[in-house]
Engineer: 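Submitted below is the structure of interest, expressed as structure tokens.
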2 protein chains.
Amino acid sequence: MFSQATKYAIKSVIYIWTQSLEDRKVSAKEIGQKIGAPEAFTAKILQNLTKAKIVGSIKGPNGGFFADESHANFNLKDVVKIVDGDQLFSGCSLGLHKCSEKNPCPLHFEVVKVRKEIDIMLTSKSLKHLAVEVIKGQTQLGNII
Amino acid sequence: MFSQATKYAIKSVIYIWTQSLEDRKVSAKEIGQKIGAPEAFTAKILQNLTKAKIVGSIKGPNGGFFADESHANFNLKDVVKIVDGDQLFSGCSLGLHKCSEKNPCPLHFEVVKVRKEIDIMLTSKSLKHLAVEVIKGQTQLGNII
DNA sequence: AACATATTGGATAATTTTATCCGAAATATA
DNA sequence: TATATTTCGGATAAAATTATCCAATATGTT
């Protein structure tokens, strides 16, 4: 369902939020270690998330990645879109160029329902809320925290 | 959601069924052309589907791929599993090894709902039924038929 | 028997995704 | 100012996916 890069991105962003809620900035290195992802690859993904302003970053000592109220309007769907584009959310799931309500592919109407659930999954909770659940120990990102 | 190979596989199988319902066997070449997929790559995918007995094949002149009542118990979920494995249906969507009801990842419970819809999408109609819809012009596989 | 058609299987190539490396830029601290 | 830390950006490498090619096998037809 998600590319490897997107999996890392989702875990990274939630981890960044958990730490930002405790007023800590985190390095790409730390993030990679905590979520079990290769550090350099994680850094590349974080570059894109930063460029898209989904998280913030500061260079230098005591720098790192963080999230605050200025990033509170983004959700996991935005993260997925930044990393993987929006094939998951739009376009024909079988790759037909001319697929529409009037000229549907065999999966067209069923895919609508699947996508509705995917949307709910990725938009119903804020990134901050997801981080709070991790902090509370209700969910986990690895073998972390 | 689906790999390119799976997209081709789904379209191939449904196309084979449409032709088998008219008592025609079809070559890998014809399938590739009709569904807009590279012929050699399609042939490779068809090899796997044949090995899994999702469709039948006969070599030589007037040979080709076909489906009959002996293949009627398979559905699109089987096709997806043969080509892509079952990552879409099981395992943690974020790749966590220790993800469970008791120790869930942030998406665990939402993913259950998404997968329920994916299951419905891929199992509720038989391959034959999907082919009939194409034959009736209610759905399409390309710019075909 | 010879020939043409079609799948099968293996090897190879191209492309995309995943991953690594390194130097440059920014910045806090001593 | 010098140094250490950290992101940024580009180049490169490795692995997986997608795609192509060709020879071998099977089989129907002439």
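Here is how names work: the chains are called A, B, and so on, in the same order as the sequence lines, proteins then strands, and each is numbered from 1.
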Engineer: May I ask whether A/Leu127 and A/Phe66 are part of the same hydrophobic cluster, defined by side-chain heavy atoms of I, L, V, M, F, W, Y residues being less than 4.5 angstrom apart, directly or through others?
Structural biologist: no
Engineer: Could you check how far NZ of A/Lys25 sits from P of C/dA26, rounded to whole Å?
Structural biologist: 18 Å
Engineer: Taking the side chain of A/Phe65 as heavy atoms from C-beta outward, which of C/dT18, D/dC8, C/dG10 is closest to it?
Structural biologist: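 Closest nucleotide among those given: D/dC8.
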Engineer: Quick one: B/Ile45 CD1 to C/dT8 C1', roughly how many Å, whole number?
Structural biologist: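 It is 15 Å, rounded to the nearest whole Å.
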Engineer: Please state how far atom NZ in B/Lys29 lies from atom C1' in C/dT8, giving the value in whole angstrom units.
Structural biologist: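 Spelled out: NZ on B/Lys29 to C1' on C/dT8 is 18 Å.
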Engineer: Given atom CZ of B/Arg24 and atom P of C/dA6, what is their separation to the nearest angstrom?
Structural biologist: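 Going from B/Arg24 (CZ) to C/dA6 (P), I get 11 Å.
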Engineer: Just how far, in rounded Å, is C1' of C/dG10 from CG of B/Asn48?
Structural biologist: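 In whole Å, C/dG10 C1' and B/Asn48 CG are 14 Å from each other.
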Engineer: What is the separation between atom CD1 on B/Ile31 and atom P on C/dT7, rounded to the nearest whole Å?
Structural biologist: 7 Å
Engineer: Has the side chain of A/Lys51 got a donor or acceptor atom sitting under 3.5 Å from an opposite partner on the base of D/dG9?
Structural biologist: no
Engineer: When you look at B/Ser3 and B/Asp84, which way does the side-chain hydrogen bond (donor to acceptor under 3.5 Å, both in side chains) test go after all the steps?
Structural biologist: CA-CA 7 Å; B/Ser3 70; B/Asp84 268 357; 2.8 Å; yes
Engineer: For the pair made of CZ in B/Phe2 and P in D/dT18, what is the distance, rounded to whole Å?
Structural biologist: 13 Å
Engineer: Taking all non-hydrogen atoms of both residues into account, name the closest pair between B/Leu141 and A/Pro106 and its distance.
Structural biologist: CD2-CG, 3.7 Å
Engineer: Give A/Leu46 one of three labels, base, sugar-phosphate or nothing, depending on what nucleic acid heavy atoms sit under 4.0 Å from its own.
Structural biologist: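 The answer is nothing, as A/Leu46 stays clear of every strand by at least 4.0 Å.
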Engineer: Indicate whether OP1 or OP2 belonging to C/dT8 is found under 4.0 Å from a side-chain N or O atom of B/Ser57.
Structural biologist: yes
Engineer: So, does the side chain of B/Lys59 form a donor-acceptor pair with the base of D/dG28 at under 3.5 Å?
Structural biologist: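 No.
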Engineer: Report which part of the nucleic acid A/Gln47 touches: base, sugar-phosphate, or nothing (heavy-atom distance under 4.0 Å, all strands).
Structural biologist: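 Base contact - A/Gln47 has a heavy atom under 4.0 Å of at least one base atom.
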Engineer: Under 4.0 angstrom, heavy atoms only, what part of the nucleic acid is A/Val26 near: base, sugar-phosphate, or nothing?
Structural biologist: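 Here A/Val26 touches the backbone only, sparing every base.
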Engineer: Do NZ/NE/NH1/NH2 and the carboxylate oxygens of A/Arg24 and A/Glu30 come within less than 4.0 Å?
Structural biologist: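 Salt bridge present between A/Arg24 and A/Glu30.
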Engineer: Quick one: is D/dT18 close enough that its OP1 or OP2 comes under 4.0 Å of any side-chain N or O from B/Tyr8?
Structural biologist: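 No, B/Tyr8 has no side-chain N/O under 4.0 Å of OP1/OP2 on D/dT18.
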Engineer: Within the 4.0 Å heavy-atom criterion, would you say B/Ala43 contacts the bases, only the backbone, or no part of the nucleic acid?
Structural biologist: nothing
Engineer: Under 4.0 Å: is that the gap between some side-chain N or O of B/Asn62 and OP1 or OP2 of C/dT5?
Structural biologist: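 Looking at the OP1 and OP2 atoms of C/dT5, neither is under 4.0 Å from any side-chain N or O of B/Asn62.
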Engineer: Could you state the CZ-P distance from A/Phe41 to C/dC21, rounded to the nearest angstrom?
Structural biologist: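 Interatomic distance, CZ of A/Phe41 to P of C/dC21: 14 Å.
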Engineer: Among the nucleotides C/dT18, D/dT20, C/dA4, which one has an atom lying closest to any side-chain atom of B/Pro61?
Structural biologist: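 Per side-chain heavy atoms of B/Pro61, the pick is C/dA4.
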Engineer: Which of these nucleotides, C/dT18, C/dA6, D/dC21, is closest to any side-chain atom of B/Ser27?
Structural biologist: C/dA6
Engineer: Does the distance from a Lys or Arg side-chain N to an Asp or Glu carboxylate O, for B/Lys136 and B/Glu133, drop under 4.0 Å?
Structural biologist: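 A salt bridge is absent here (no side-chain N lies under 4.0 Å from a carboxylate O).
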Engineer: Measuring from the side chain of A/Pro38 (C-beta onward, heavy atoms only), which nucleotide among D/dT7, D/dC8, C/dA19 has the closest atom?
Structural biologist: C/dA19
Engineer: Would you mind checking if A/Glu39 and A/Lys44 are paired as a salt bridge, meaning a charged N to carboxylate O distance below 4.0 Å?
Structural biologist: no
